[in-house]
Structures are given as C-alpha cells and as structure tokens.
Amino acid sequence: MDLRLNSISHRYDDLEVLRDISLDIPAGRIVCIVGPSGCGKSTLLRFIGGLEKPTRGEVLQIGEAPADSLNPLTYVFQDFALLPWRTVEGNISLVLNDHGVRGREAEEIIADVLARTKLSEFRTAWPRQLSGGMKQRVAIARALAVNPAALLMDEPLSALDSQTRELLMDDLVGLWTRAPFTAVYVTHNLSEAVRLGHRIVVLSRRPGEIREIVEIDSPLAGRDLAEPELDARQKHLWALMRAEAEAADKELAHG
Amino acid sequence: MADGSLTSPGGIATGDRPEARPVRFRGGGFNPTSPRWVGAAVFVVLIAFLEWGTRAGVISNLTMPRPSDVFATLVDLARSGMLWTHLVPSLTRLAVGSALGTLAGIFVGVMIGLFSVARAGLVPLVAALFPIPKIALLPLFVIWFGIDEASKYALIAFGTFTPTVVATYGAVDTVDRTLIRMGQSFGLKWHTIVLRIVLPGAMPGILSGLRVSLAIAIILLVAAEMLGAEYGIGAYILQAGSLYDLERLFAGVAILSLLGVLVSAAIGRIEARLLRWRG
Ligand SMILES: Nc1ncnc2c1ncn2[C@@H]1O[C@H](COP(=O)(O)OP(=O)(O)OP(=O)(O)O)[C@@H](O)[C@H]1O
Ligand SMILES: [Mg+2]
C-alpha cells in the first residue's frame, strides 16, 4: 500500500500553515519530514493519518492494506500517549481487543511485540514505573501489535535523552531490517533523518512548502554518520534548514 | 579541575580551607499522609476531655451529656433491637437515593463533557439547580412521589445529582486530549474511547466529587426523616430533641458521625483500588 499526498494546502483561520504539498510515500520505505518549528509538520502528519482534514487537496491510499493489518495507519506520538491506568500489557491489549483480537491470539501477539521491543520482563509494569525510553518502546510495541501498513511517527525520540535516542534508533533500524515497514517520520533532528530516511523531505518555513527532497539509497543497517557521503548529505540539509530557520526567526522578530 | 572530585573545595585559591557545612534542607512537605492512629487519637482525646469535664463538673450536665451515658444509651438501643429498626430504613434510603443520584449525575456529567449540545443546554440548568436548598423542595417531592419512601429517595437523589454532575464534567474536561487522539488514531470504537479512556481518566475527579455528594446525602437523609418518618436516625434524633433528651440526641448524632466516617473510609478503599495505577 502506497500513500500519495495530492497538493495539500491548509489554513487555520487566517494562518496559512501548508501550501501545495505533493508527495509519494512508497511502501516499505521510511520518509522523513524535516523543517523549521511551526512549519506544519505535525499538521501534515495528522492529515496523513486521517485525524484532521486539509483545507484543500487530499491524501490517497493506493492499493489495499494487507488483510491482516488491524489499523493500517498507526501513530507513534512524541509524548508516548500510554494510558497510565493500564499496564504495559493492558495498553497493548486495549487496541487488540477493540479490533476483535482476544484470548490466545492476543496473548501471542503481545508476547511477540514485547520480545521485539525487548520489553518481555516489563509486561505487567505500570507506565509510571518505566523510563522515557521504555515508555516509547511500549508505544512502538503497541503500534507494531496492530500490524500497521504505515507507521506515522511525530518526533518519537525528541522527549528522550541522546543516549536513549541512539539506542532506540538502532532498535528502529533493527525492526525495519527484519521486517521492512512503511513510515513517515517527522523530526527536528537531521542525524535521525539521515540515519533512518530513504527519502528526506525538507519543508520551508510557514507556510510549509516542499523545499527539496533528498534521496538516500544506502541500506539502513550499514549507515554510519561518519561516512563522507552521509556527512555531506547532512551538511547540505543543515544548510537548507538553517536558511529557513533564520528567516523564520526574523519574521517572528518583526511580528 | 578535570578530576571531577567534589570533595575538595576547588575554584577559588584561598590560603586556608573555607568552612564546610551541609546544604540547608528545604524540600519536603506538601505531601500529607495520614497515619491511622492520629485520627483515632483526636476522637479519644476529645471524648476523654468531655468525660472528665462532665464528671468534674467543669461542664454542666445540662449543656453536654456524659460520653459514657451516651455510650450506655447506644448499647441499650442496640440491645432492644431499636437500633436496627432505625438504622435499616435510613441506610436503605441513603443507598437507594445516592445510588440513583450519583449514577444519573455521572451519566449527565459525561454527556456534558462529551457533547456540545448537552454542554450548552445543561450547564446553565445545573448552575440554576445547584444553589437551591434541596430540602426546601421536600413538600414538592411529597406531592410528586407520595409521603412514603419514594419522596425521600428523590430528595437524596436530587441532592447528590448536581454536585456529581459538576465534579464529573470538570473531571472529563481534564482528561488528556492526546490520549483521546491516540484512541482515535488506533481506530478504537467510540464507546471504547469513552469507557476505557475518558472514564478512567476522569475517575480521580469523580471520586473526590463522590465524597462531597455522599456527605450531602447524609445531611439530606436526616432532614427528610425529620420532616416525616416514623423510623430512621433523623426521626430518632427529632424525638430525642423534642424531649430535650440529650443522651439520645447525642447517641443519634454519634451514629451519623460514624456513618460519615464509614462512608469516607469506603470511598478511600474504592480510590485505593481504582487508582492503584497512581502508585
Ligand atoms: N488546531 C490548531 N488551531 C490553530 N492553529 C494551529 C493548530 N494546530 C497547529 N496550529 C498552528 O499551525 C502551525 C503549524 O503547527 P504544527 O504543529 O504542524 O508545526 P510543526 O511543524 O509540527 O512544529 P514543531 O516542529 O514545533 O512541532 C503552528 O503555527 C501552529 O501554531
Ligand atoms: Mg510538531
């Protein structure tokens, strides 16, 4: 299942947020969206998952989602969005039960996703007992449990410290390498984009337009930021972002 | 400098060692816990003081009955079986009335919390009903529901309804919206979102509202029984009061206080059970 954004524009009252965004999200690839703060990245992601409607344009799903996918478009949120009154297992079983998966079948899926995110020992823990990185792994496990056709991630690592971020990035690369998934990954962090993205979309300052799309073909598993090629890519992205961010800053200063 | 040791007072190069003293502690507090015995001790001290005062003659027998006499009255009441004759109807009224009122209140509160139409239509209505002293409406309820039990149920239900509504919709408003978005993004059904996300998220607020409404329910129970009941704690207190029988009056009051303590403890247990996740 591919996703296609067809000239999406959006405004909140008299605030123009996005302008004419067209983008293809091919199956099995990770598309990263980067751009200065407030340019509409989170808004765009809400459109892709159908949580909000754009003023103009549309998001198309091309082809059917796999039949065993319970929730084709699944989010991973920046602030985890775990229910504090349910255990790790309870948070996952909630979304399974509601899609009619119960009993043994649900047990097996929970055990499998917890093993994949290295959380098997914490099955019965409450969210308050977990560190930030573990909470986000629970959220990722919950997302994997519904077998999504595309994962929509909005700065999933930005609430975490940099060591945890590195480890979770490795986890994501590992998960993708074992079973490639489609993902739209919004981030501020260019090294995350270069590590995880097959395609990196740079948005301009608000109103967000596509400035450039950078393709990186090297396999995810082998990527090392010290490689001159990746380093050059990151520098190039930073130059683009920097100009936008500076311009956005000046606009704010002038009101 | 880079050795990272914190024990040597580094930085300023003074000849003699500066004085070392522990950093002043200024955390703590703002986290009351309740050791069990403190509450009991307050009661014991108060009752012991009254007992001593009435025996020593510092407190006249006309102003305060002796606690031991009140206790003896209670024992008599229990022996004669009259305690149950009064207690059973009272507890039934309390249970039925407050169950009706709080359940309806939680339902309406959740509706107000979820639907714009309910909010626009019902919030002003609830604001208009809240300040009415419900006991003033008892004659009306007697006309509507008859002089028997139904009018008492209605009074208690109505009295607990409004505070429960206000507490519930306030609590629903505080539920984290990102959790609701999460539910929607996983394609959860509407009723699952309400039952598994909105209600548990609102539960702390609903339970603290319940404390208030159950106290109101006890007050209304007594008032209703004073206005027209053969049996019940309120009727018992009224009879005692009209005869200026202070021992029996205080025996009745003691039963009410005990009821208040038990209800509060019961809600404490429910909170501990339902809000276990808060740790
Ligand atoms: N529901 C809303 N109503 C009105 N304005 C909104 C709403 N949501 C977002 N905005 C505005 O739209 C703009 C884009 O917001 P959005 O959250 O998509 O930006 P972002 O690129 O994700 O920013 P960040 O990098 O800080 O997360 C912002 O100026 C924000 O104030
Ligand atoms: Mg954002």
Side-chain angles (χ1 to χ4, degrees), chain A residues 42-43 45-52 65 69-88 90-101 124-130 135 138-139 141-155 159 184, chain B residues 4 30-33 106 109-110 113-116 167-211 267-279:
Chain A
S42 302
T43 308
L45 204 64
R46 287 199 293 276
F47 296 152
I48 299 177
L51 286 181
E52 233 177 275
S69 172
L70 298 176
N71 187 48
L73 302 171
T74 299
Y75 284 87
V76 174
F77 297 90
Q78 178 175 358
D79 54 2
F80 324 131
L82 297 179
L83 299 180
W85 47 87
R86 287 182 155 248
T87 58
V88 166
N91 266 283
I92 302 173
S93 67
L94 172 75
V95 294
L96 289 176
N97 291 350
D98 203 59
H99 287 284
V101 180
T124 55
W126 297 103
R128 72 178 148 82
Q129 298 169 315
L130 305 178
K135 282 185 199 156
V138 176
R142 175 177 64 186
L144 294 175
V146 292
N147 203 1
L151 270 180
L152 309 175
M153 302 195 260
D154 191 358
E155 308 197 27
V184 182
Chain B
F30 298 101
N31 184 22
T33 54
I106 291 173
V110 170
L114 293 179
F115 298 110
S116 317
T168 304
Y169 85 72
V172 171
D173 285 350
T174 65
V175 175
D176 190 350
R177 299 293 122 167
T178 58
L179 295 181
I180 296 177
R181 295 280 164 279
M182 182 279 292
Q184 291 176 322
S185 78
F186 274 92
L188 301 189
K189 297 183 191 77
W190 184 84
H191 68 259
T192 310
I193 293 180
V194 173
L195 287 180
R196 302 269 180 253
I197 300 180
V198 174
L199 267 186
M203 201 44 88
I206 293 178
L207 286 178
S208 47
L210 205 58
R211 277 182 194 277
I267 296 180
R269 292 293 288 276
I270 297 176
E271 274 177 346
R273 172 111 193 76
L274 289 184
L275 307 183
R276 211 165 12 138
W277 51 273
R278 292 208 294 199

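Chain naming here is simple, since letters A, B, ... match the order of the sequence lines and numbering starts at 1 in each.
- The shortest side-chain heavy-atom distance between B:R196 and A:D98 does not fall under the 4.5 Å cut-off.
- Taking each heavy atom of A:I92 and A:A145 in turn, the nearest pair found is CG2-CB, 3.6 Å.
- If you measure heavy-atom distances from B:L275 to chain A, you find no contacts under 4.5 Å at all.
- Within the 4.5 angstrom heavy-atom criterion, no atom of A:L70 approaches chain B.
- Panel note: side chain B:S185, backbone A:T74; no donor-acceptor pair is recorded below 3.5 Å.
- Atom CZ of A:R46 is surrounded by more than 12 heavy atoms from other residues, nucleotides or ligands within 6.0 Å.
- For the pairing with A:Y75, the side chain to side chain contact (heavy atoms under 4.5 Å, CB included) check across A:V184, A:L51, A:L151, A:D154 returns one residue only, A:L51.
- A:R86 places no side-chain N or O within 3.5 Å of a backbone atom of A:P84 that could act as its donor or acceptor partner.
- Using a 4.5 Å cut-off between heavy atoms, A:D79 touches chain B through its side chain atoms alone.
- Chain A forms the most heavy-atom pairs under 4.5 Å with one residue out of B:T178, B:L274, B:T192, and that residue is B:T192.
- With chain A as partner, the option from B:R278, B:Q184, B:R181 having the largest number of non-hydrogen pairs under 4.5 angstrom is B:R278.
- Residue contact with chain B, scored on non-hydrogen atoms closer than 4.5 Å, involves the backbone of A:L82 exclusively.
- Here the side chain of A:N91 pairs a donor or acceptor atom with the backbone of A:L83 at under 3.5 angstrom.
- For A:F77, the part sitting under 4.5 Å from any heavy atom of chain B is the side chain, from C-beta outward, and nothing else.
- For A:V95, the parts sitting under 4.5 Å from any heavy atom of chain B are the backbone and the side chain alike.
- Interface residue A:W85: backbone and side-chain heavy atoms are both found under 4.5 Å from chain B.
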